[in-house]
Each structure stands twice: as C-alpha cells, then as structure tokens.
Number of protein chains: 2
Amino acid sequence: MKKNLTLKQIAKELDVSISTVSKALKDSEEISEATRKKIQAFAKLYNYKPNNIALSLKNRKTKTIAVIIPEIVHDFFAMVISGVENLANQYGYNVLICLSNESYEREVINMEMLASGSIDGFIMSLAKETQAKKDYHHIKEIINQGMPVVMFDRVTREVYTDKVIIDDVLATQEAIQYFISKGKRKIGFITTPDYISVGRLRTEGYMRTLEANGIDVDENLILRIEDETNIDTVIEEFFEKNEFNAVMAVNELYAVNVLKTALKRGLKVPEDLNIIAFTDGVISKNSIPSISTIKQNAFKMGEIAAKLLIQKLESEHENEHYITEVISTELLHRETTTI
Amino acid sequence: MKKNLTLKQIAKELDVSISTVSKALKDSEEISEATRKKIQAFAKLYNYKPNNIALSLKNRKTKTIAVIIPEIVHDFFAMVISGVENLANQYGYNVLICLSNESYEREVINMEMLASGSIDGFIMSLAKETQAKKDYHHIKEIINQGMPVVMFDRVTREVYTDKVIIDDVLATQEAIQYFISKGKRKIGFITTPDYISVGRLRTEGYMRTLEANGIDVDENLILRIEDETNIDTVIEEFFEKNEFNAVMAVNELYAVNVLKTALKRGLKVPEDLNIIAFTDGVISKNSIPSISTIKQNAFKMGEIAAKLLIQKLESEHENEHYITEVISTELLHRETTTI
DNA sequence: GTGAAAGCGCTAACAA
DNA sequence: TTGTTAGCGCTTTCAC
C-alpha cells in the first residue's frame, strides 16, 4: 500500500525545493524548461494528485455543496438531487447529501456540522417539523456567517435568500379549473396539514378556484393527512363520508391511494372519477390506469438551485440581491382524466 | 457578515496563546480552572466551531464517506443510501453521493477526484458500462492506496474487498420454485443483459430451477432488456410471441410493465398470470393489483455496507481480511401471486 | 531559475 | 499553568 504522494516527497526525491515543485507542476514560467519537464514527468509517472483538503484549507473553499432534504425515497426529491448533481458536476463541485428525515433537530445538527468549513453552500427543502415550529434561526445564522443558502419547494418567507419554487397556487388552479370545465363540481382535495408551505398553498389554490367559479368550499371535501402510516384507511373513510366526481392530491402517493380506493369501491376511473396528482414520478407513470399529474420539473428545479448557488459562490463581490425563481409546471393528462 | 471564529482570534482577544485556547476548549487538566472557564465562556458566547477542514488536514481523516451509485431515481438505490446515511450519521460520518449515471467514465472521474483526500472511503455499486467493459483498474488502484472500498449489489469477483450482496441465485430459485409448486410451467423471465452481474445471476437461478424440476429451458421465454426507453413495446412483443402462466422480472419497473401488458391483453392477474418482481419499492406496493416481490432489504444493505466501511476505517491495524456479507431476502406475497 | 518562509486552522510534544 | 514550535500539504511572496 503506497500512501499518496506529496509535493514534499517529490521535492526530496528530485532534490529541489517544495516551491519549485509546486511551480513546476503549474507550468510556471519561473522554472526552467528542464526542471519543469523533469518534475512533471516524475509526477505523472507516480500519479501525483494534489491533496484536496490542503487546497481547501488554503483556498477557503471546498468545492462541495450540501443538499438537505427531508427524505430520499421519494421521486420528487430524488429527481431534484439528480438535477443538482448534474449541474454541480459540470462546474467541478461535489454534492453532499443529508437527510433531515423531516426532523427539526436533524436538520439543525446536519447544517451546523457542515457549516464549519466542510462545504461552500447549502441547497435545502425544509423538514416538516421545522415548518411546524417555524424556527429558522439555524438557517438565518448560517446565511449571516456569509454562507449562501438556496431553498427549494418547501421554503419560507421568513428567510431572505434565493429560492426555487413552483407556483403552487397557480398549478392547483389550473387542475381544479380543468375539473370544473369538464363539469365536475364535487371535487375532493387531499393535502398535508397547513403548516407545510406547499400543502397550504395548494389548498389555497383549490379554495380560490372553487370560489372564483361560484362553488362553495365544503371543508368536508378537504382531507389533510397528518400521519402517513395509515393513508388507506383515512382515504377509505373519506370516500365513505363523501361523494366526488374528481379528486386532486398533493402528491403521487395520496393519489394512487385514492385510485385504489375508488376502484375497490367499484368506481370507474376516469368515467366516474377524475384524479390529478402533484409530482410526476414513477408511481403516476406506472400505475394502472396511469395518473394525470402536475409536472413539477424537479430535475430542472435542482439544476436551477445549483446554478443559483454556484453563481453566488463564484461571484466576486457579495451581493445582497436575492431572487426567487419560479419554475413552470404543466398539467399532464394521462388515464385518470377525461380529455 | 461575521466570518467564522478561529482559535487565533480567541487567543488574541483573551491575550493568551493559541495552544492554551486549544487545550482549554478540550477541558484539559493542564489549564487552570479560571482560564479554562474564561475561554470556554468566550467560545460559547461567540459560538466557536472548530474548522473541519483544518481538522481533516491534521488528522488525515475527513469523517465523510462517498457512495457511488448508478442512479438515484430508483427505489433500491435510494433505500440503500438511506441506510448508509442512517448508520453513518450515528458514527458521526457525513455521506457524499455521486451518480455514475451508468457511465464508466463518470465513475472513474468521480472516484479519482474524491480519492485525493476528500473522503475516507467508498461504498459503491458498479455502473452498467463498467460491468460491460470489465475494467476495474480504478477501483483496484484506490484500494491499493489504502482507501477502503465496500461494494454492494452490482459487485465483481475481480476486486478483492468487502461486499454486501443478496444471494441472487437463491432468491430467484425460491420464486421460480414457488411458481412451479403452483403448477405453473410456462414461466417467463425478464432480465438485463448478462454483463450485469445481478441480472446474470438471477437468470442463472431461473434456469437452474427449471432444470432441477425437469423443465426444459426455452430461450424464447427469457427477455433481456437492453434499452429501457421502449420497455412496453418489447414486452408487448414478448407476450405476442409466447404464452405464460407466470412471469418473473428482475426489477419493479419491468414487472409493472408486464402487469400492464397482461391486463391490456385481457389476462387476469393472478388467475391467469402470476408475477413476482425483485425490489420491494414504491411501484410494487402501490400498483393495482400490488405486485409480489423479493424483498431485498435495501435499507439494511446500506447499513451493513456502512458498518463494514466504518469498521475498516476505525480499526487500528489494517487488516487484509475481507468478507462478503449476504443479506437474506424474503418472498413477499401480494396480489400478483395466488397463495 | 530556485528556494526560504509565512500562512490557511488546528494539535501535540516539549520547553519554560 | 502557559507558551513555543513543528507539522499536516499546499500556495505565494520575496530573497538570493
């Protein structure tokens, strides 16, 4: 086992000084052609690679960015990561992933740990618990220390920084308006509790659209799922107590459970019941019938978040100007809507 | 924007030496109670955090491990990551994710980049292209340099190191034998090309089980999917040309497409056709009907891989003894098999 | 054209 | 009890 070669060793081996080696490897004009060639040949031969950590310490940048997400076994987040990774790699950055598992504490611990030198900046989506507590000190502090943070999807207006989101209200409106245009008026809505930003916005979009169309909002037709362990029974009950001709769900998992319950109850989809879901992932695509969705362009969201972050990192003067990038969405009709 | 506090600054501020501060913050007996308290209070007040990069340089360890996977929008890999993350965090390690996107080149570049100081060790599953080329120089070299590597799922016997796998042959045998025990004899098998290790092993398990039961292997009943962009048409054709009463697929995606095709052709599942898939992910669970699977315990796989790696990292003497851990699998009956 | 020295932030052996 | 020094691997300024 050969340990990694250092400048020092090369210097000793070739009987020159460390700085000569350093310069030679950068092809500096200062060093004579002969020594340069000699040193470069030696380095090449023994496969010299500069030590990243030493460079990081010296340059005060690590060329790695951290992504903090609530969970990874979830197509939306996985696709965002994929986008971040793709763009980051193009710019020579590494991507470090941390899972908050929806926990405030894990989010705080992870961020504090990484903020001390390990990384150059954050891309994050808030944990449920953080949104429930509304405690964003940890994030504000990090930004205060001069470390850039880009938030996506689950964001908060309480933190002033770059953000990448979709227009949740608008996207929902489009879907609900579509239902209405097809004559559906008993529209169920399955969402998260209101403390989750995107859930709240989507619910808002739902209510507004009904009102705009002169339909009274019936709170019974809104189901806010808190505990995801027993989705099926909750949805079963929801169907037991109400009647719908259309349902919208804020994610694929809720939607596929709606589909399952509806079919079990003998409803025909889409004839008797239309369904639209947020998140265009593997479930919607592959369920039978396939589910119509709001395509969120998660991959692109990841790319843009990464781009915003890297721009901040590489711009000379720090710039207190923050933007919120709104990604366009698209209503994608598949087999759970009647065209 | 306040930059991060350093020992040096504290020392200057309190008019003591840097090493005194360092020791005081470690609560060393060497330093008098009074100075210790004073320094600790100051550090606490201004929220001092040691710089990780400096520590890494000093200790020659980064406390971060890298996971290289072919893709992340895939439940199996996402769950493995989740397991790695979980265990790594318990031991104070960070997890860095790199995607090879099934490309040999990206795998090599990523690994070489990280190997120079950024991380302490690797956990990886081979890219398709790497398995096709059978070129494992990059991995061998890294191991040679003394950096531990743990491989999982897509492994190769050409690299001598720790591995975490399932018994692909055995798991397949169990499923196929189950079909046979239910009187199914026309069993289709949908797999990857043979250069992918797990695909090959599963195909082998299929063939062996048939032979053991005196059933001739009909190559027409084996479909090796090379290009995943047109799965549906390939499977459609497969059904056009053959007749089955059971099909096994090496992943969920293939399986759900089989299900779709079968239903479209008017077959009843499970009455006319039984289906079993590898990977117990979100597709199998949520498809309608839900798909019976070989549960691979991906989360556990990730945890064990992380444990093996961390043990290597933290053991004093390096130990040239490598093990291959075989995770048990389980045939999970859902709605695509008749019990 | 080459090398010595300082410094990035920290630890630890040794000296005072 | 406290401070000095050297060193982790590298870059860069400034002497020689």
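Nothing here was measured: the structure is a model prediction, and the numbers come from that model. Computed from heavy atoms alone, side chains included, the values below leave out hydrogens, waters and symmetry copies. Lettering follows sequence order; numbering is per chain, from 1.
For D/dG3, the OP1/OP2 oxygens have a side-chain nitrogen or oxygen of B/T20 closer than 4.0 Å.
Contact footprint of chain A on DNA chain C: nucleotides with an atom under 4.0 Å from a non-hydrogen protein atom, first to last in 5' to 3' order, C/dG1 to C/dG9.
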List, one per line, each side-chain donor-acceptor pair under 3.5 Å for residues 297-310 of chain A, sequence neighbours excluded.
unit_1, atom_1, unit_2, atom_2, d
A/N297, ND2, A/S328, O, 2.9
A/E303, OE2, A/N86, ND2, 2.8

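In this model, no side-chain donor or acceptor of B/T35 finds a partner on the base of D/dT2 within 3.5 Å.
Of the two residues near DNA chain C, A/S19 and B/L7, the one whose nearest nucleotide lies more 5' is A/S19. Comparing B/R36 and B/A54, the nucleotide of DNA chain D nearest to each residue sits closer to the 5' end for B/R36. Along DNA chain D, the nucleotide nearest to B/V16 and the one nearest to B/N59 differ in position, and the one closer to the 5' end is contacted by B/V16.
Listed nucleotides: D/dT11, D/dG9, D/dC14. Nearest to the side chain of A/L55: D/dT11.
Atom NZ of B/K140 is surrounded by more than 12 heavy atoms from other residues, nucleotides or ligands within 6.0 Å. Shown here is B/K49, whose NZ atom has more than 12 heavy atoms of other residues, nucleotides or ligands within 6.0 Å. The 12-atom threshold is not exceeded at CD of A/E29, counting heavy atoms of other residues, nucleotides or ligands nearer than 6.0 Å. In the displayed structure, A/E105 atom CD is contacted under 6.0 Å by at most 12 heavy atoms of other residues, nucleotides or ligands.
When heavy atoms are screened at a 4.0 angstrom cut-off, B/K23 is found touching base atoms of the nucleic acid. Across all strands shown, A/S22 has heavy atoms under 4.0 Å from base atoms, whether or not it also approaches the sugar-phosphate.
A/Q9 has its CD atom 10 Å from the P atom of D/dC8, to the nearest Å. Summarising the geometry, the separation between NZ on B/K58 and P on D/dG7 is reported as 10 Å, rounded to the nearest angstrom. With rounding to whole Å, B/I18 atom CD1 is found 14 Å from D/dA6 atom P. Note: CG (A/L25) to P (D/dT12) measures 13 Å, nearest angstrom. What separates CD1 of A/I53 from C1' of D/dC10 is a distance of 12 Å, to the nearest Å. Protein atom NZ of B/K37 is 16 Å distant from nucleotide atom C1' of D/dT1, rounded to whole Å. Rounding to whole angstrom units, NZ of residue A/K8 and C1' of D/dG7 are separated by 7 Å. As a whole-Å value, the separation of A/L5 CG from D/dG9 P is 11 Å.
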### Message
Let's go through A/Q9 and A/E13 carefully: what are the C-alpha distance in whole Å and the side-chain angles of both, what is the deciding distance for side-chain contact (heavy atoms from CB on, under 4.5 Å) to 0.1 Å, and is it a yes or a no?
### Response
CA-CA 6 Å; A/Q9 292 167 39; A/E13 212 61 49; 5.6 Å; no
For this session: For side-chain contact (heavy atoms from CB on, under 4.5 Å), just list the numbers for A/N89 and A/L87, CA-CA rounded to whole Å, side-chain angles, deciding distance to a tenth of an Å, and then say yes or no.
Result: CA-CA 5 Å; A/N89 276 182; A/L87 199 119; over 6 Å; no
Run A/N51 and A/N4 through side-chain contact (heavy atoms from CB on, under 4.5 Å) and show every step you take.
CA-CA 8 Å; A/N51 179 311; A/N4 268 331; over 6 Å; no
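Put simply, the side chain of B/E30 never gets that close to the backbone of B/K23: no donor and acceptor are under 3.5 Å apart.
Within residues 42-50 of chain B, the residues having any heavy atom closer than 4.0 Å to DNA chain C are, in order of number, B/Y48, B/P50.
A donor-acceptor pair shorter than 3.5 Å can be found between the side chains of A/Q131 and A/S197.
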